Amino acid sequence: MGRAQRVVLAYSGGVDTSVCIPYLKEEWGVKEVITLAADLGQGEELGPIQQKALQCGAVESLVEDATETFIKDYAFLAIQANALYENRYPLSTALARPLIAKLLVEAAEKCGADAVAHGCTGKGNDQVRFDVGIMALNPNLKVLAPAREWGMSREETIAYGERFGIQSPVKKSSPYSIDRNILGRSIEAGILEDPMTEPPEEVYAMTKAIADTPNEPEYVEIGFERGIPVSINGEAFNPVALIAKLNDIAGKHGVGRIDMIENRVVGIKSREIYETPALLVLIDAHRDLESLTLTADVTQYKRGIEQTYSELIYRGLWYSPLKEALDAFIGKTQERVSGSVRIKLFKGNANIVGRQSPNSIYTPDLSTYGAEDQFDHKAAEGFIYIWGLPTKVWAQNHRLGAK
Ligand code: ARG
């Protein structure tokens, strides 16, 4: 029988996804497992991972370099949306999942597979993002999630793997669960599960401790074209290089750490540590440039859209009609969001200290308190009379009624 014949498995090279290979074959009767590892700029060599998959029994091991697509088609949309889940988390892990889902579906279609598989457990958000993303892209593909069903502890998983020649992790594996890509690192578990425990310095890799940051501030100027970051200090960068460079600059000043309790899709709270230096700086700078170039009503209306957009990314609805509709709105608003923003990085802070745009609708003659003032002060009186009229009528009536 078997649950599927030919399966494309999302593969990271870790114990869990490695054990998925023999497990799918032995326990679930899958004939052929093809693994797919996505390079999203996690700074890890994927060659050895490819080898490892074959040793674990995969018939074929694919590696896809998708870093540029990740930035251009996923991260940049999130930046244009100023997407922060629960106002804090810039979705660095969440954004990677729909892209991996897409790569899995494309590979399955190319290889004639009847199912795709992933190693997520039943407690996290990532299973939701994979499953829903895959069903949106190809509702006919089966999705297999062995780790959601096998019920093995960490030790049992390692022991199971050893039966099939999968080496247990050489060094004592990290007590944390870490996800990483070019946008950032997400760290959870171990002592971090106590929400009152301060994360030890060892959990961080992209950002410096304040004690080790430079004693002089550094200024960076980010250039945007239609809501997309294109330059640093006047020098043009391609998307991947821009993120990498800004991660370095901001990380060096200790910028980009987040320690939060978040609400997962599956109804539980979790304590997560993030470091996302470039992404946080870019969202802040982008939001600021919007305040210079968009009208008040568009700016304010967009805030609500941004919250919905962040939630749909977090909840696995990247490929959805709502996301497409919101993209149309956001895309329209970005037509004039060009210019540059100046940021001062110092001791864990990234403060915006200047902004300019050829499309600026900030009008000095109207805003100034100096002699050049063009604002018609007298007009304010009539405006306030009409604006305040309902309040005045209500107050008069209220006072009478209160007697
Ligand atoms: N909580 C984050 C999210 O749902 C990150 C989860 C990533 N996994 C990890 N091992 N920390 O997007």
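All heavy atoms count here, side chains included; hydrogens, waters and symmetry mates do not. Everything numeric in this text was worked out from a predicted model, so none of it was measured. All ligand and atom numbering here is 1-based and tracks the order in the structure. Numbers here are sequence positions counted from 1.
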Counting only heavy atoms not in [X], do more than 12 sit closer than 6.0 Å to its [atom1] atom?
X: N87; atom1: CG; value: no
X: Q307; atom1: CD; value: no
X: K110; atom1: NZ; value: no
X: E201; atom1: CD; value: yes

May I ask you to list the atoms of ligand 1 that are less than 4.0 angstrom from any heavy atom of [X]?
X: I178; result: 10 (N)
X: S177; result: 9 (C), 10 (N), 11 (N)
X: N125; result: 3 (C), 4 (O)

Worksheet entry | Pair S340, Q356: side-chain N/O donor-acceptor within cut-off below 3.5 Å | yes

Discussion item. If we count only N and O atoms by modelled type, under 3.5 Å, do the side chains of D327 and Y309 hold a donor and an acceptor together?
Written reply: yes

Applying a strict 4.0 Å limit to heavy atoms, is [X] in contact with ligand 1?
X: R129; answer: yes
X: R264; answer: no
X: Y89; answer: yes

Provide, to 0.1 Å, the distance between [atom] and the closest protein heavy atom, together with that atom's residue and name.
atom: atom 2 (C) of ligand 1; result: Y274 OH, 3.1 Å
atom: atom 11 (N) of ligand 1; result: E272 OE2, 2.7 Å
atom: atom 1 (N) of ligand 1; result: E262 OE2, 2.6 Å
atom: atom 8 (N) of ligand 1; result: E188 OE2, 3.5 Å
atom: atom 7 (C) of ligand 1; result: T93 CG2, 3.7 Å

Fill in: OG on S92 to CG on D179, rounded to 0.5 Å
7.5 Å

Worksheet entry | Y314 six-ring centre to R129 NZ/CZ under 6.0 Å and within 45° of normal | yes

